[in-house]
Chemist: 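This is the structure I have questions about; it appears just below.
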Amino acid sequence: MSGKRLWLMLVALILVCAGTLFPVSYSAAGQFLNGSYGGKPYKLYVPNGYDSNKSYPLYVMLHGCTQDASQFATGTKMNALADEKHFLVLYPEQTSSGNSNKCWNWFETAHQSRGNGEPAIIAGMVNTIKNNYSIQENQVYVAGLSAGAAMSVIMGATYPDLFSGVGVGAGLEYKAATSMTGAFTAMSSGGPNPVQQGYAAYQAMGNRAKVMPVIVFHGSSDYTVYPVNGDQVISQWSITNDFSQTGTNNGWIDDQPERTESFTVSGGRRYSISDYEGGDGIVWMKKVTVQSMGHAWSGGSSQGSYTDPQGPDASRMMWDFFKSINNDGGGENDTTAPITTANPKGGTYNHSLQVALQVNEEASTYYTIDGSEPSIQSTMYTEPILITDNTTLKFFSRDPSGNSESIQQEIYVIDESAPPSEGLTIPSLATENGFAGQLTADGKGTGDIKVGDKGMYNIDTYRGIISFDTSTLGQTTIESAVIRLYTKTLTGNVSSIQADIKNGTFGTAAIEQSDYSAIASLHNILSIPSPPASGHIDLALPASALSEINKSGKTQIRLKATTTPGFNINQIEFYGGGNGEKSPVLFINGINE
């Protein structure tokens with residue numbers, strides 16, 4: 001007999017001994033509908049009196065091993081509560097083909113990350129319900145029992161943008177096990193160090209990281225998933241929430257409760273409630289320890305499986321806890337995430353370009369250009385991003401309240417043989433290209449465009465001037481603009497090139513020595529590193545400079561170089577006008593109005 005089959009049989013035996021199966025029965029009055037997604041069935045409870053003109057919270061309930069959606073609905077009494085409080089309940093259902101004991105596969109690495117396995121299927125079910133019913137975006141909660149509780153923890157860590165709270169009934173910390181053998185060990189002795197797992201869950205959240213409300217229920221006599229696991233869930237989420245709020249483990253919230261109170265169910269069990277507050281004074285986590293309760297859903301119906309009717313009502317307590325967080329305005333529950341756009345958008349371009357990331361509110365923007373998922377540890381956006389090769393740009397913004405948008409993506413293809421997309425190519429004016437020296441003795445010149453220093457420990461001796469007749473643009477709405485220059489000679493070392501723009505001309509149209517220091521419309525509109533010794537460079541104008549392009553006359557660009565002071569010359573020359581394909585050109589993409 002295989003080890004996996006033996007483990008599943010043992011789990012089945014333990015759970016069957018812990019409770020008795022009864023026929024499905026519930027007193028709710030709404031509709032209990034069947035559906036499927038990703039090869040797995042689900043049931044959806046739509047409460048009595050549902051009105052599509054209103055919006056409702058959504059609870060996602062993940063059953064334990066050997067259970068199904070109907071049994072879990074009966075045992076938790078969640079449908080009756082949904083009628084009373086007016087919310088929808090989604091019950092994803094594991095199949096026997098997915099796990100012969102119908103356990104969610106929380107202990108397998110294939111089902112522990114975003115976009116993969118069972119988490120992706122559950123998330124897909126949630127999005128299906130959101131598309132078909134009026135669901136409140138900030139009130140979608142996930143909860144479960146045993147294997148379902150372990151999966152609910154995984155869902156909270158991998159889809160924090162989808163869920164607003166996690167309920168854990170006799171569950172385990174994030175990635176408490178990554179194998180069948182490890183699952184046995186975790187269930188009896190606990191998983192890895194919760195500090196380590198807390199940071200791992202924070203990393204799984206990525207740029208979507210936020211403080212997650214968590215409520216834990218565990219029986220003190222649970223010998224299937226031992227009580228140490230309930231403690232570890234709290235410890236793990238204290239670390240995850242601490243990092244999510246502050247970016248570090250600095251004690252904004254910890255696993256030491258601010259208060260613990262004891263209660264007794266009338267005619268039932270004693271239990272304690274521990275509250276864990278964040279630095280904002282909000283109780284973000286609760287742990288309910290039920291004395292002498294085994295492996296069961298606390299306060300459930302005796303008509304369901306694996307319930308303990310003598311314990312406090314876990315379903316109602318979860319509802320009350322999550323509503324208290326929502327009413328307190330904690331986390332993202334009553335706010336909206338920023339919206340970030342890239343300008344220009346992705347597409348095929350025949351030149352390099354600079355992409356500006358613009359956000360609709362005060363926020364920090366993070367991005368990657370290698371196709372990887374960005375996080376708050378990624379590069380923070382401070383200036384337009386130079387795109388010179390085929391690039392997948394991913395980005396998101398996060399506001400001071402911790403609200404993060406979903407990751408945005410733009411794909412840029414640089415194909416020099418492609419024609420400008422719905423754009424114009426404007427050649428430079430050969431007789432108005434050239435350079436101006438800092439001092440009269442440094443001279444000036446028409447033709448080739450020279451920037452850099454003359455050596456002898458001078459810097460910024462020469463500044464280049466490029467002139468374009470942009471009057472043909474008329475009423476065009478300019479979406480992007482790029483100047484292409486071809487290198488003629490490079491002497492010494494030029495580490496970067498900067499540019500100013502002039503709406504009109506710096507002086508008269510002709511090159512003048514005073515062009516060196518004449519006032520620009522905008523200074524330092526861009527900077528590109530290390531120009532090549534041969535070939536071309538593309539200067540993509542940022543969005544802020546597009547309005548300075550003169551649609552009824554001339555536009556000039558002044559180039560400056562950054563060099564290291566030294567005895568030797570450091571300068572670069574670009575071909576001026578009249579050099580055929582190597583002459584400077586301005587690419588304009590826009591819309592004719």
Side-chain angles (χ1 to χ4, degrees), residues 18-19 64 75-78 81 141 143-146 148-150 152-153 156 165-173 176 186-191 194 198 211-242 251 253-278 281-302 306-325 328 330:
T76 60
K77 303 182 294 186
M78 193 61 84
L81 184 64
Y141 307 101
L145 171 66
S146 191
S152 74
V153 168
V166 178
V168 185
L172 301 95
E173 68 179 355
M187 290 165 65
S188 61
S189 305
V211 181
M212 183 70 72
V214 175
I215 184 167
V216 174
F217 292 82
H218 221 107
S220 67
S221 298
D222 189 338
Y223 303 122
T224 301
V225 178
Y226 278 64
V228 63
N229 289 283
D231 297 334
Q232 287 193 333
V233 172
I234 288 291
S235 296
Q236 176 250 293
W237 277 107
S238 71
I239 297 297
T240 306
N241 284 337
D242 201 5
I253 191 169
D254 58 34
D255 60 1
Q256 299 304 306
E258 273 60 42
R259 69 192 67 84
T260 298
E261 299 180 87
S262 297
F263 305 88
T264 301
V265 176
S266 178
R269 301 195 185 280
R270 291 183 295 111
Y271 64 99
S272 63
I273 301 178
S274 297
D275 291 340
Y276 303 82
E277 293 182 358
I282 295 175
V283 177
W284 287 98
M285 302 187 301
K286 280 182 178 286
K287 182 175 69 176
V288 182
T289 302
V290 185
Q291 297 300 316
S292 302
M293 185 176 79
H295 191 64
W297 185 269
S298 180
S301 169
S302 60
Y306 318 131
T307 66
D308 189 333
Q310 293 184 310
D313 188 341
S315 297
R316 187 174 295 273
M317 291 177 72
M318 285 183 182
W319 166 266
D320 290 340
F321 171 63
F322 292 139
K323 287 299 292 183
S324 72
I325 293 286
D328 280 342

Chemist: Are S146 and H295 close enough that some pair of their side-chain heavy atoms sits under 4.5 Å apart?
Modeler: yes

Chemist: Is there a donor-acceptor pair closer than 3.5 Å between any side-chain N or O of S315 and the backbone N or O of T76?
Modeler: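 The answer is yes, because a donor-acceptor pair under 3.5 Å joins these two groups.
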
Chemist: Rounded to the nearest 0.5 Å, how far apart are CG of D254 and CE of M285?
Modeler: 7.5 Å

Chemist: Looking only at heavy atoms, what is the nearest atom pair of R270 and T264, with distance?
Modeler: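 Reported closest heavy-atom pair: CG-OG1, 3.3 Å.
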
Chemist: Quick check: does any side chain N or O of T307 sit under 3.5 Å from a backbone N or O of S301, one acting as donor and the other as acceptor?
Modeler: yes

Chemist: Do Q291 and R269 have side chains that approach each other closer than 4.5 Å (heavy atoms only, starting at C-beta)?
Modeler: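 Not touching, per the 4.5 Å side-chain cut-off.
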
Chemist: Check whether any side-chain heavy atom of T240 sits under 4.5 Å from a side-chain heavy atom of E173, and report yes or no.
Modeler: no

Chemist: Could you tell me the separation between the OH atom of Y276 and the CD1 atom of I234, rounded to the nearest 0.5 Å?
Modeler: 5.0 Å

Chemist: Would you give the length of the straight line joining atom CG of D242 to atom CH2 of W237, rounded to the nearest 0.5 angstrom?
Modeler: 13.5 Å

Chemist: Main chain of Q232, side chain of S235: is a donor-acceptor contact present, judged purely on distance under 3.5 Å?
Modeler: no

Chemist: Using every non-hydrogen atom in the two residues, find where A143 and M318 come nearest and quote the distance to one decimal.
Modeler: CB-SD, 3.7 Å

Chemist: For a quick test of reading the model, state the closest non-hydrogen atom pair linking A186 to L172 and the distance between them.
Modeler: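 Heavy atoms only, the tightest pair is CB-CD2, 3.8 Å.
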
Chemist: Can you tell me how far the CG atom of D222 sits from the CG atom of N229, to the nearest 0.5 Å?
Modeler: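 The CG atom of N229 is 8.5 Å from CG of D222, to the nearest 0.5 Å.
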
Chemist: Taking C-beta and beyond as the side chain, do S189 and V228 meet within less than 4.5 Å on heavy atoms?
Modeler: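 Side-chain contact under 4.5 Å: no.
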
Chemist: Is it true that a side-chain atom of E277 and a backbone atom of E258 form a donor plus acceptor pair closer than 3.5 Å?
Modeler: no

Chemist: Tell me the closest heavy-atom pair linking Y226 and H218, and the distance in Å.
Modeler: O-NE2, 3.4 Å

Chemist: Can you name the nearest heavy-atom pair linking Q236 to V153, along with the distance?
Modeler: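 The pair with the smallest heavy-atom distance is OE1-CG1, 3.6 Å.
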
Chemist: Would you confirm whether N241, through its side chain, and V211, through its main-chain N or O, come within 3.5 Å as a donor-acceptor pair?
Modeler: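 No: the side chain of N241 does not pair with the backbone of V211.
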
Chemist: Can you check whether D320 reaches K323 side chain to side chain, under 4.5 Å on heavy atoms?
Modeler: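 Sidechains of K323 and D320: no contact.
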
Chemist: As a test of understanding, state which of V214, I273, I215, V288 forms a side chain to side chain contact (heavy atoms under 4.5 Å, CB included) with F321.
Modeler: I215

Chemist: Evaluate the side-chain proximity of M187 to T224: yes if any heavy-atom separation is below 4.5 Å, no if none is.
Modeler: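 SC-SC contact between T224 and M187 confirmed.
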
Chemist: Under the 3.5 angstrom rule, does the side chain of K287 hit a backbone N or O of V233 as a donor-acceptor pair?
Modeler: no

Chemist: Hey, could you give me the CG/CD1 distance between D255 and I239, rounded to the nearest 0.5 Å?
Modeler: 7.0 Å

Chemist: Using a 4.5 Å cut-off on heavy atoms from C-beta on, say whether the side chain of Y271 contacts that of M293.
Modeler: no

Chemist: Closest approach of S292 and S220, non-hydrogen atoms and distance?
Modeler: N-OG, 2.7 Å

Chemist: Under 3.5 Å, is there a donor-acceptor pair between the side chain of D308 and the main chain of S298?
Modeler: no

Chemist: Can any side-chain N or O of T289 pair as donor or acceptor with the backbone N or O of S272 at less than 3.5 Å?
Modeler: no

